[in-house]
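In what follows, chains carry the letters A, B, and so on, assigned in the order in which the sequence lines appear, proteins first and then strands, with residues in each chain numbered from 1.
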2 protein chains.
Amino acid sequence: MTNDPIRVLSTRPLDGVPGHEGSEACSVDNPASRVIRELLARVGDKWSMLVIGVLHDGPLRFTELQRKIDGISHRMLTQTLRSLERDGLVTRTSYPEIPPRVEYAATALGRSLSEPVIELARWASAHHSEILDAREAFDDQHEASATLR
Amino acid sequence: MTNDPIRVLSTRPLDGVPGHEGSEACSVDNPASRVIRELLARVGDKWSMLVIGVLHDGPLRFTELQRKIDGISHRMLTQTLRSLERDGLVTRTSYPEIPPRVEYAATALGRSLSEPVIELARWASAHHSEILDAREAFDDQHEASATLR
DNA sequence: CCGGATCCGGCCGGATACTG
DNA sequence: CAGTATCCGGCCGGATCCGG
């Protein structure tokens with residue numbers, strides 16, 4: 001059993017805060033929250049989005065993926081691929097040759113996911129500098145520690 | 001100093017895999033990868049997206065946020081808000097009253113982020129059942145352990 | 001009401017070794 | 001080449017106490 005990480009998600013309790021019958025709408029069941037949580041559980045990990053992104057250009061073998069992604073360990077690549085396969089986002093086809101060859105490809109579902117992901121990436125690259133500026137300004141203003149001692 | 005989590009990101013080395021002059025494009029500097037990494041570092045954590053989402057509807061006070069998000073601890077809300085403020089995604093305005101009152105609001109930048117996030121959420125909610133089905137099928141087929149012993 | 005500080009458990013994820 | 005299993009450090013994040 002690979003009872004390690006990425007065994008993941010979704011089967012979370014998400015219990016409905018009993019004890020509070022609630023004065024107003026209590027937003028636990030707010031669909032947006034639930035969806036975002038599940039989303040994060042699925043692609044919020046360190047590598048899933050990258051794999052999805054890389055596979056968008058076409059099928060790749062295990063080792064090719066590992067070289068493309070650079071920084072991912074053997075172990076995490078295996079696990080990430082497994083969980084993506086489980087969720088129907090990639091397919092795994094192994095050719096019984098010597099040496100063995102295994103190809104991973106994005107499914108239609110996987111490719112459909114990469115579109116909004118690319119949207120997000122576009123946002124990030126468009127506003128990257130703004131964020132850096134804001135961060136610098138914030139850090140400047142909070143050098144209170146220096147002025148203090 | 002709050003040298004705890006979310007001190008985050010971005011200043012990652014991302015060294016260019018020296019040693020391989022590379023036969024083809026080696027994709028480390030693939031802009032997509034870099035951008036996605038930074039993106040995850042920023043909003044891939046457990047709460048940032050939720051805060052952004054909740055604040056999209058209008059400013060809220062600290063305690064209101066905590067009730068809205070439900071499940072977030074006092075500590076993580078503070079930290080998340082801090083990092084979002086630092087990156088220019090939310091503003092913090094404190095009214096010097098007794099008792100103190102502090103309001104958090106999304107900036108224009110923050111609201112612009114919530115759009116692609118909502119796109120993603122839309123995808124998730126649209127394909128949620130497909131994922132569950134795929135997962136179930138996968139798990140069925142992998143009850144090999146049961147048939148084995 | 002707001003938020004910082006400390007303690008601490010749990011999981012994420014890297015390194016490594018071993019199998020086919 | 002592809003995949004599994006084990007060990008282990010580090011950070012995420014919850015509980016709690018304290019201070020403004």
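A/R67 places its CZ atom 15 Å from the C1' atom of D/dA2, with the value rounded to the nearest Å. Whole-Å rounding puts the A/I98 CD1 to C/dG20 P distance at 13 Å. Put simply, CG on A/L81 is 16 Å from P on D/dC1, counting in whole angstrom units. Rounded to whole Å, atom P of D/dC11 lies 14 Å from atom CE of B/M76. Counting to the nearest Å, the P atom of D/dC12 and the CG atom of A/D45 are 15 Å from each other. Rounding to whole angstrom units, CZ of residue B/R42 and P of D/dC12 are separated by 15 Å. Across the protein-nucleic acid pair, B/Y104 atom OH and C/dC1 atom C1' stand 11 Å apart, rounded to whole Å. The CG atom of A/L50 sits 14 Å away from the C1' atom of C/dG13 (whole-angstrom rounding).
B/S125 contributes atom OG, which lies 11.0 Å from atom CG of B/L120 (distance to the nearest 0.5 angstrom).
Summary of the strand contacts: A/G71 and B/E64 both lie near DNA chain C, and taking for each the nucleotide with the nearest heavy atom, the more 5' one is attributed to B/E64. Of the residues near DNA chain D, A/T78 and B/I72, the one whose nearest nucleotide (by heavy atom distance) lies more toward the 5' end is A/T78. Comparing A/P100 and A/R82 against DNA chain D, the residue whose closest nucleotide sits nearer the 5' end is A/P100.
Using a 4.0 Å heavy-atom distance criterion, B/Y95 is classed as making no nucleic acid contact.
Checked against B/V43 for a side chain to side chain contact (heavy atoms under 4.5 Å, CB included), the options B/V117, B/L84, B/L113 give a single hit: B/L113.
A donor-acceptor pair under 3.5 Å links the side-chain atoms of B/T107 to the main chain of B/G88, judged by distance alone. Side chain of B/T78 to backbone of B/H74: a donor-acceptor contact under 3.5 angstrom is found.
Here the side chain of A/S73 is nearest to one of D/dA2, D/dC1, C/dG14, namely C/dG14. Distances from the side chain of A/K46 to the nucleotides D/dG13, D/dC1, C/dG13 place C/dG13 closest. Side-chain proximity of A/H74 to the nucleotides D/dT4, C/dG13, D/dG13 is greatest for D/dT4.
Using a 4.0 Å cut-off between a side-chain N of Lys or Arg and a carboxylate O of Asp or Glu, B/R61 and B/E64 do not qualify as a salt bridge.
Put simply, the side chain of B/R75 and the base of C/dT6 share a donor and an acceptor less than 3.5 Å apart.
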